[in-house]
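Beneath this line is the structure, given in structure tokens, with notes to follow.
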Amino acid sequence: MPELPEVETIARDLAPKLRGQRIRQIRYDDYPPVFDRHSLSPRLLRGKRISGVERAGKFVVLRFGAEDLRLAVHLRMTGQLLFLPAKRSLPYTRAVFDLDDGKALVFADVRKFGRMRLFAGEPAATLAIGTDPFDRRLDAGGFSSLIARRATPVKAWLLNQRYLGGVGNIYACEALFYAGIRPKRRVGKLTSAERSRLLTALRSVLRKAIRHRGSSVDDYVDAEGLPGAFQNRLAVYGRAGMQCRRCGTPIRRIVLAQRGTFYCPHCQR
DNA sequence: ATCAGCACCTGTTGGC
DNA sequence: TGCCAACAGGTGCTGA
């Protein structure tokens, strides 16, 4: 479900609500494990005060006190991270963090793929997340050197979190549409003009999606349980057989890297 | 050292 | 209407 724009929306919403709140108690369902096998003991969180919330790749990261201690939450496909101002029970709850005054942070997940990890250290290094697409130090040259001479299809490259952190299936398809590049093209063989267009298109579509609070194609909701609005503005994702918004050609669906992949055969070369 | 393919889960949808 | 296969925003492991 959630990619960079959705996770960014959740993190921005949660930050002012959670900052200063203390973790009173934690309850969780551990089958399958909701804390991954690298996680420190969740008991360490009891009594800790939340000092900040940020996004790292597709993770929502909570920080505690002035310490190095952080909790990373990955929503995978159907995870939801919800702030509840008053006690309430939700279906598919996997973990509940009781906060001050009856407030709570709830991690719910129908498919149970989502995981959390408590760790000490820097998120990018610990979680093996590549460069953030919005990193100011990333320019066309840096982007091109991340690509190097890789033979993998450009869409598979975009989905690999070790190069760029945060791009998922929807926005990989969308960015390639706006850059005019077919998903199967070998990433290492893109011209420098194409690479440059791709970085620009990626940033632009991610920025727009954040402005519209993400895409609610299926289960995604923000920290208050409300859907985003960007699903109505998608150019190719989920539009197989429908007319391209730019040229009218039917949008094509193929499977690439085991994922549904959408593109316009006329606008993308 | 890569990388395709499958595993992990449950719910929804579309074809017959 | 009913059944069942295919599919879903992601990633981690295995074996070639």
Side-chain angles (χ1 to χ4, degrees), chain A residues 1-11 29-39 55-60 72-81 90-95 107-117 123 126-130 133 147-177 183-184 186-188 202 205-206 209-210 212-222 227-242 253-262:
Chain A
M1 147 181 14
E3 307 181 28
L4 186 152
E6 293 76 29
V7 177
E8 180 72 26
T9 300
I10 293 171
D29 160 33
D30 216 34
Y31 188 80
V34 68
F35 285 92
D36 76 18
R37 59 201 182 84
H38 304 289
S39 182
R55 176 187 62 78
K58 296 176 192 171
F59 292 84
V60 177
V73 182
H74 199 304
L75 277 4
R76 295 281 183 98
M77 298 286 265
T78 52
Q80 303 181 336
L81 201 51
L90 295 174
Y92 308 110
T93 292
R94 302 231 59 217
F107 180 36
D109 186 4
V110 175
R111 288 177 74 179
K112 305 181 183 180
F113 288 166
R115 293 286 182 274
M116 298 188 281
R117 184 194 294 193
T126 310
L127 304 168
I129 302 165
I147 290 172
R149 293 155 56 217
R150 308 230 153 241
T152 191
V154 57
K155 191 199 170 207
W157 184 87
L158 285 168
L159 293 179
N160 190 329
Q161 302 299 296
R162 58 186 271 213
Y163 304 119
L164 292 181
V167 184
N169 205 28
I170 294 179
Y171 301 104
C173 291
E174 296 295 301
L176 287 169
F177 172 78
K184 274 192 184 170
R186 304 281 133 185
V187 68
L202 182 62
V205 74
L206 291 173
I210 292 170
H212 292 276
R213 304 186 59 77
S215 302
S216 293
V217 170
D218 209 6
D219 307 271
Y220 168 72
V221 289
D222 66 19
F230 199 67
Q231 65 278 9
N232 306 313
R233 314 177 98 90
L234 295 173
V236 289
Y237 182 84
R239 303 191 71 242
M242 299 167 74
R253 178 186 188 275
I254 58 171
V255 175
L256 200 165
Q258 291 92 242
R259 315 296 302 280
T261 300
F262 303 85

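No hydrogens, no waters, no symmetry mates; every other heavy atom, side chains included, goes into these values. Chain naming here is simple, since letters A, B, ... match the order of the sequence lines and numbering starts at 1 in each. Since we're looking at a predicted model, the values are computed, not measured.
Considering only side-chain N and O atoms, A:Lys112 lies under 4.0 angstrom from the phosphate OP1 or OP2 of B:dT10. For C:dG10, neither phosphate oxygen OP1 nor OP2 lies less than 4.0 angstrom from any side-chain nitrogen or oxygen of A:His74. Not one side-chain nitrogen or oxygen of A:Arg117 sits closer than 4.0 Å to the OP1 or OP2 atom of C:dT11. Under 4.0 angstrom from either OP1 or OP2 of C:dC13 there lies at least one side-chain N or O belonging to A:Arg37. The phosphate of C:dT11 (OP1 or OP2) has a side-chain N or O of A:Gln161 nearer than 4.0 angstrom.
Few gaps surround CZ on A:Arg186; more than 12 heavy atoms of other groups in view lie less than 6.0 Å from it.
Between the NZ atom of A:Lys184 and the P atom of B:dC3 there is a distance of 16 Å, rounded to whole Å. Rounded to an integer number of Å, the gap from CH2 of A:Trp157 to C1' of C:dT11 is 18 Å. One can place CG of A:Asp36 at 12 Å from C1' of C:dT11, the figure rounded to the nearest angstrom. One interatomic measurement links the two molecules: CZ of A:Arg111 to P of C:dA8, which rounds to 10 Å at whole-angstrom precision. For the pair A:Asn160 CG and C:dG10 C1', the interatomic distance rounds to 12 Å; values are reported in whole Å. Between the CG atom of A:Asp219 and the C1' atom of C:dC7 there is a distance of 13 Å, given to the nearest Å. The distance between atom CD of A:Gln80 and atom P of B:dT10, rounded to the nearest whole Å, is 16 Å. In this structure, CG of A:Leu75 is placed 18 Å from P of B:dT10, rounded to the nearest angstrom.
Picking from B:dG11, C:dT11, B:dG5 the nucleotide with the shortest atom distance to the side chain of A:Val110 gives B:dG11. Listed nucleotides: C:dC7, B:dC6, C:dT11. Nearest to the side chain of A:Gln258: B:dC6.
For C:dC3 and B:dC9, the P atoms lie 26 Å apart once the distance is rounded to whole Å. The P atoms of C:dT11 and B:dG11 are separated by 22 Å, rounded to the nearest whole Å.
Residue A:Arg115 is classed as having no contact, given no heavy-atom separation below 4.0 Å to the nucleic acid. Residue contacts shown for A:Arg94 are absent, as no nucleic acid heavy atom lies under 4.0 Å away.
Counted by atom type alone, A:Tyr171 and A:Glu6 present one or more donor-acceptor pairs between their side chains at under 3.5 Å.
By the 4.5 Å heavy-atom criterion applied to side chains, A:Leu158 and A:Val187 are not counted as neighbours.
Taking the six-membered ring where the residue is Trp, A:His212 and A:Phe230 present tilted rings, their angle falling between 30° and 60°.
Taking 4.0 Å as the cut-off between side-chain N and carboxylate O, A:Asp222 and A:Arg213 count as a salt-bridged pair.
Of all non-hydrogen atoms in A:Val236 and A:Glu174, the two that sit nearest each other are N-OE2, 2.9 Å.
Here A:Phe113 does not count as stacked on C:dT11, because the ring centres are not under 5.5 angstrom apart with planes under 30°.
Residues A:Arg150 and A:Tyr92 both approach DNA chain B. Their nearest nucleotides, taken by heavy-atom distance, put A:Arg150 toward the 5′ side.
Base-pair partner of B:dC9: not found among the strands shown (Watson-Crick or G-U wobble, both distances under 3.5 Å).
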